[in-house]
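Data first, discussion second: the structure below is written as structure tokens.
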Amino acid sequence: MATVTEAKRLVIKIGSALLVDRDSGQLRAAWLRALVQDVAWLRDQGKDVILVSSGSIALGRGALGLPMSELTLEQSQAAASVGQIQLARAYAEALAEHGLQAAQVLVTLEDSADRRRYLNSRATLEQLLSLGAVPIVNENDTVATDEIRYGDNDRMAAQVAVTAGADQLILLSDVDGFYSANPVQNPDARRFDVIETITPEIEAMAGDAGSGLSKGGMKTKLMAAKTATAAGCDMAITEGSVFNPVQALARGAAATWFKAQGDPQQKRKAWIAAMKPRGRVMVDAGAARALRSGSSLLPAGVKAIEGRFGRGDPLEIVDPEGHVLGQGLTRYDAVDADQIKGLRSAQIEPVLGYPARGPLIHRDDMAF
């Protein structure tokens with residue numbers, strides 16, 4: 001069974017029902033402070049932490065005096081625009097008490113469906129984590145329409161885990177795991193401690209009902225588990241309403257763990273290797289040696305560029321003898337890549353008119 005202490009990078013999903021009081025519509029500030037204690041505890045162990053947090057609409061509807069019934073799209077967007085400010089401030093203040101910097105990241109479904117936006121999202125999360133910040137990710141409800149919405153934060157959290165290359169996803173829920181039937185309705189329902197594979201029988205056990213302010217039911221959690229585990233990320237469903245729920249999970253609190261199907265980085269590289277290349281980059285002998293030893297591909301080592309491609313597209317990487325070394329996702333489009341081939345980082349800005357984005361292809365976006 002997976003344990004929290006084994007993870008190097010965690011994504012923790014917090015639902016509205018945990019964060020916002022159902023009756024008053026007010027933030028559960030004491031619970032949030034306890035959760036942030038968990039974040040500080042994880043960070044003290046050298047782990048990266050990303051929070052996927054609902055709550056903006058729930059907070060905003062209270063501030064605007066909107067009804068607790070189903071809101072229209074326009075009402076939801078208005079509530080989100082007010083609540084997002086409150087939510088970001090609450091996280092920033094709570095994290096600051098532990099010397100941690102909060103960072104707000106708002107996303108839509110398009111950010112993972114479009115390869116260029118996906119690459120941008122990944123690079124932003126990597127940069128924030130490298131700088132020591134704690135990203136707080138939420139769906140951009142102020143602009144998202146039904147066509148570009150995830151619709152629930154369980155699946156969004158799974159996609160964030162995939163994008164960030166996390167090895168663990170924790171869904172803090174109003175139940176302590178996945179059951180064979182609804183435990184409220186069926187006293188004989190049993191909780192699974194570990195699910196190695198999501199079978200059709202397991203899928204048939206999931207119900208539809210969400211809870212209160214939360215949109216996600218057990219079916220969405222199972223869909224999240226499919227996404228996460230397929231990318232090499234363990235996922236847990238555990239009771240989140242207790243104080244310090246992550247430390248409770250680490251101490252053995254009731255939960256269901258869905259086991260990863262392989263390593264997240266290996267899964268990502270397999271995904272990149274399976275893409276159809278949109279272009280080709282020829283490298284010199286020095287760059288080829290550096291790539292074989294695990295380095296990123298810098299523009300200075302590029303001899304020629306072929307093809308018409310955009311930022312985020314897959315490119316074949318070829319050594320001076322014409323052997324294909326592998327392929328990777330480019331950080332520059334074809335025109336810009338051709339202009340900066342052979343240049344060192346300091347020479348790029350005068351040519352392109354904007355600062356270098358680092359390597360042409362980062363080693364994390366490369367498969368051999």
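Sequence positions, counted from 1, serve as the residue numbers for this chain.
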* Which is it for V105 and L128 under the side chain to side chain contact (heavy atoms under 4.5 Å, CB included) test, yes or no, and what are the steps along the way? -> CA-CA 10 Å; V105 181; L128 288 170; 3.8 Å; yes
* Asked: Is a salt bridge present between D365 and R363, judged by a nitrogen-to-oxygen distance below 4.0 Å?
  -> no
* With K269, which residues qualify under salt bridge (charged side-chain N to carboxylate O under 4.0 Å, His left out), at least two apart? -> none
* To do: Show your working on salt bridge (Lys or Arg N to Asp or Glu O under 4.0 Å) between D193 and R191 and close with a plain yes or no.
  => CA-CA 6 Å; D193 291 330; R191 179 177 50 78; 2.7 Å; yes
* R190: partners by side-chain contact (heavy atoms from CB on, under 4.5 Å), with sequence neighbours left out -> S180, F192
* Joint cluster assignment, L325 & L298, ILVMFWY side-chain distance < 4.5 Å -> no
* Qualifying residue, where the test is salt bridge (charged side-chain N to carboxylate O under 4.0 Å, His left out) with D319 and the options are K303, R289, R292 -> R292
* Before accepting this row, confirm whether a basic side-chain N of the pair E316/R280 lies closer than 4.0 Å to the acidic partner's carboxylate O. => yes
* For side chain to side chain contact (heavy atoms under 4.5 Å, CB included), just list the numbers for T330 and V281, CA-CA rounded to whole Å, side-chain angles, deciding distance to a tenth of an Å, and then say yes or no. => CA-CA 10 Å; T330 174; V281 53; over 6 Å; no
* **Any residue meeting side-chain contact (heavy atoms from CB on, under 4.5 Å) with A30, in chain and number order, not counting sequence neighbours** => R33, F243
* Taking atom types as modelled, find out whether D21 and Q26 have a side-chain donor-acceptor pair closer than 3.5 angstrom. => no
* Asked: Distance-only, no hydrogens or angles: does the K221 side chain make a donor-acceptor pair with backbone N or O of G177 under 3.5 Å?
  -> no
* Salt-bridged, E139 to R155, with N to O below 4.0 Å? -> no
* Structure fact -> For S296 and P359, the nearest pair of non-hydrogen atoms, with its separation, is CB-CB, 3.7 Å
* For T197 and T199, test the side chains for any donor-to-acceptor distance below 3.5 angstrom and give the result as yes or no. => no
* Grab the two heavy atoms, one from A181 and one from A189, that are nearest each other, plus how far apart they are. => O-CB, 3.3 Å
